[in-house]
Visitor: 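Input: one structure, supplied below.
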Amino acid sequence: MKLLITRPIDDLVLAQAEERFETTYRAGEVPMSAAEVTAALGEYDAILPTLGDAFTAAAIEAAGKPRCKVIGNFGVGYNHIDVAAAAKAGIAVSNTPDVLTDATADIAWTLILSTCRRAGEGERQLRAGEWKGFDPKGMLGTHVTGKTLGVIGMGRIGQAIAKRGHFGFDMPVVYFNRSAKELPFDARRIEDMHELLGVADIVVVAVPGGAETVRLIDRAAIAAMRKDTIFVNISRGEVVEEEALIDALEANAIGGAGLDVYEKEPYVPARLTALENCVLLPHLGSATVETRRAMAQMALDNIIAFAEGRAMPQRVN
Ligand code: NAP
């Protein structure tokens, strides 16, 4: 079987892939265009793609009856793959849930703490040689312990974020989610998202991307936040109306923002990078050695299961 791996992955997992399949891999970080996707679907039996690779319905349909029968996505989020179009073309798709939950919750907390405590701003000041010494009134931030945490999307990652807030920072937790959840810690469900946005001191978004959640956090949602709300997004850039968020940050209409994802990433608007009241990370959610290895292993294991005629453990379509 011919396997295409669309980005460099962990060496140990790559060695397993090369042992098992006739393996080709793309170098560099640039995602596949729709035309490249269509060509690859005709050329390979299996593909291990990731974020940004454009498996649109049009790209899949253009491949007709594709040679490719399995896509083992590297990542839990698969909004770059039209899984219904894939199913229609006879292609099974899997993802990599659970193995990245803790790493991504940790990045959410990195953003919560560094936004609340102005860590990015402070580090920039120090490196610029502008720090004048300890100042009782200098660079005061937002106290985190005991504040109300609002989680939008109480799935695997949302729960891991909430768990850290509840047990580690004594935070009351409120959440907005499509369905009610049985949770192993106290958390109050609020069914009106705008109400949650007015109640929570710190809001974290952890829903999946895709048609159902595009601009879930739109201008009206941002307006429902308070002047001191700290807003964090680790989900997908498309979930937030970025321009409205920038307008609010520029006007100091909210307290600050911590972002790991962007509407048109890797493009980040200059209006955003010019602001001091936000902390900006380059999509680091799952970026630990251990997590990225586990993700690569899970993606490959799903492809191997398919190749051996077994059920794919993490199939999504
Ligand atoms: P998950 O377990 O499927 O959780 C998603 C949660 O969002 C579910 O509880 C779901 O509700 C809820 N939800 C879905 N649509 C909703 C809507 N329209 N309104 C309200 N709630 C909604 O997924 P996960 O493993 O936690 O991952 C979540 C997302 O995080 C991924 O899809 C990915 O996009 C993103 N992510 C980002 C990074 C990063 O590097 N920044 C890393 C990993 C993941 P139900 O319980 O009703 O299904």
Side-chain angles (χ1 to χ4, degrees), residues 7 29 31 49-53 73-81 83 93-112 114-115 150-164 173-184 187 189-197 200 203-218 221 231-241 257-263 265-266 268 279-292 294-296 298-299 313-317:
R7 239 53 68 74
E29 295 92 37
T50 194
L51 194 86
D53 293 331
N73 185 54
F74 179 102
V76 66
Y78 50 85
N79 53 311
H80 56 288
I81 303 172
V83 293
V93 181
S94 63
N95 70 341
T96 62
D98 301 311
V99 288
L100 43 54
T101 295
D102 285 324
T104 309
D106 290 347
I107 273 294
W109 270 95
T110 304
L111 286 169
I112 292 171
S114 47
T115 307
V151 177
I152 296 181
M154 193 59 122
R156 288 170 291 244
I157 295 169
Q159 288 179 42
I161 295 166
K163 190 173 87 179
R164 284 156 173 73
V173 176
V174 293
Y175 72 97
F176 172 78
N177 195 69
R178 190 165 46 188
S179 57
K181 292 279 177 191
E182 290 259 333
L183 300 169
R189 183 177 180 210
I190 298 182
E191 293 193 44
D192 175 349
M193 190 182 72
H194 284 204
E195 186 189 331
L196 177 142
L197 291 168
V203 174
V204 185
V205 183
V207 294
E212 209 191 313
T213 56
V214 170
R215 298 202 165 180
L216 177 70
I217 309 298
D218 58 8
F231 175 76
V232 169
N233 184 20
I234 56 88
S235 62
R236 285 289 181 265
E238 67 195 31
V239 175
V240 177
E241 188 175 345
L259 306 175
D260 191 40
V261 289
Y262 307 87
E263 256 184 342
E265 61 184 65
V268 180
V279 176
L280 309 172
L281 296 180
H283 206 136
L284 292 182
S286 63
T288 71
V289 174
E290 296 89 337
T291 300
R292 290 284 168 85
M295 290 164 69
M298 187 177 271
Q314 280 80 31
R315 186 165 177 169
V316 294
N317 70 344

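A quick note: this is a predicted structure, and the numbers were derived from the prediction, not measured. In listed order, ligands and their atoms are each counted from 1.
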Visitor: Are any of the N/O atoms on G153, whether in the backbone or the side chain, positioned under 3.5 angstrom from an N/O atom of ligand 1?
Guide: no
Visitor: Can you measure from OG1 (T291) to CE (M298) and round to the nearest 0.5 angstrom?
Guide: 11.0 Å
Visitor: Considering only protein heavy atoms, which is closest to atom 18 (N) of ligand 1, and at what distance to one decimal place?
Guide: E212 OE2, 3.2 Å
Visitor: Please identify which atoms of ligand 1 are closer than 4.0 Å to at least one heavy atom of H283.
Guide: 39 (C), 40 (O), 41 (N)
Visitor: Can you list the ligand 1 atoms lying under 4.0 Å from a non-hydrogen atom of K181?
Guide: 9 (O), 46 (O)
Visitor: Take R189 and M154 through the side-chain contact (heavy atoms from CB on, under 4.5 Å) test and state the conclusion after the steps.
Guide: CA-CA 10 Å; R189 183 177 180 210; M154 193 59 122; over 6 Å; no
Visitor: Could you check whether any side-chain N or O of T110 sits under 3.5 Å from a backbone N or O of D106, counting only pairs where one atom can act as donor and the other as acceptor?
Guide: yes
Visitor: If you define the side chain from C-beta out and look only at heavy atoms, does anything of W109 sit under 4.5 Å from V204?
Guide: no
Visitor: In the structure I gave you, are the side-chain heavy atoms of R292 and M295 within less than 4.5 Å of one another anywhere?
Guide: yes
Visitor: May I ask you to identify, for N177, whether its side chain, its backbone, both or neither come under 4.0 Å of ligand 1 on a heavy-atom basis?
Guide: both
Visitor: For atom 47 (O) of ligand 1, what's the nearest protein heavy-atom neighbour? Residue, atom name and distance, please.
Guide: S179 OG, 2.7 Å
Visitor: In Å and rounded to the nearest 0.5 Å, what is the CD1 to OG1 distance from I107 to T288?
Guide: 9.5 Å
Visitor: Can you pull out the closest protein heavy atom to atom 19 (N) of ligand 1? Residue, atom name and distance to 0.1 Å, please.
Guide: F176 CE2, 3.8 Å
Visitor: Considering only the protein, which heavy-atom contact is closest to atom 42 (C) of ligand 1, and what is its distance?
Guide: T104 OG1, 3.3 Å
Visitor: For atom 4 (O) of ligand 1, grab the closest protein heavy atom and report residue, atom and distance to one decimal in Å.
Guide: G155 CA, 3.2 Å
Visitor: Has S235 got any heavy atom lying under 4.0 angstrom from an atom of ligand 1?
Guide: yes
Visitor: Geometry only, no angles: is G285 polar-contacting ligand 1 at N/O separations under 3.5 Å?
Guide: yes
Visitor: Which heavy-atom pair separates L196 from F176 by the least distance, and what is that distance?
Guide: CD1-N, 3.6 Å
Visitor: As an exercise, identify every atom of ligand 1 less than 4.0 angstrom from a heavy atom of D260.
Guide: 39 (C), 40 (O), 41 (N)
Visitor: Any heavy atom of Q159 closer to ligand 1 than 4.0 angstrom?
Guide: no
Visitor: Of the side chain and backbone of A206, name the one, both, or neither that has a heavy atom under 4.0 Å from an atom of ligand 1.
Guide: backbone
Visitor: Give the residue, atom name and distance (to 0.1 Å) of the protein heavy atom nearest atom 5 (C) of ligand 1.
Guide: P208 CD, 3.6 Å
Visitor: To the nearest 0.5 Å, what is the distance between CG (N177) and CD (Q159)?
Guide: 8.5 Å
Visitor: Against heavy atoms of S286, which atoms of ligand 1 measure under 4.0 Å?
Guide: 40 (O)
Visitor: I'd like to know if R236 and E265 make a salt bridge, using a cut-off of under 4.0 Å between side-chain N and carboxylate O.
Guide: no
Visitor: Provide the full list of side-chain hydrogen bond (donor to acceptor under 3.5 Å, both in side chains) pairs with a residue in residues 94-105, sequence neighbours left out, each pair given once.
Guide: D102-R164
Visitor: How far is atom 1 (P) of ligand 1 from its nearest protein heavy atom, and which residue and atom is that?
Guide: R156 NH2, 3.6 Å
Visitor: Show which atoms of ligand 1 fall inside a sub-4.0 Å distance from at least one heavy-atom site of M154.
Guide: 9 (O)
Visitor: Taking side-chain hydrogen bond (donor to acceptor under 3.5 Å, both in side chains) as the definition, give me every residue that meets it alongside D260, ordered by chain and number, with sequence neighbours left out.
Guide: none
Visitor: Purely on distance, is any nitrogen or oxygen of L216 under 3.5 Å from one on ligand 1?
Guide: no
Visitor: Is there a side-chain contact between V207 and L216, using heavy atoms and a 4.5 Å cut-off?
Guide: yes
Visitor: For atom 21 (N) of ligand 1, find the nearest protein heavy atom and state the residue, atom name and distance (0.1 Å precision).
Guide: R178 N, 3.1 Å
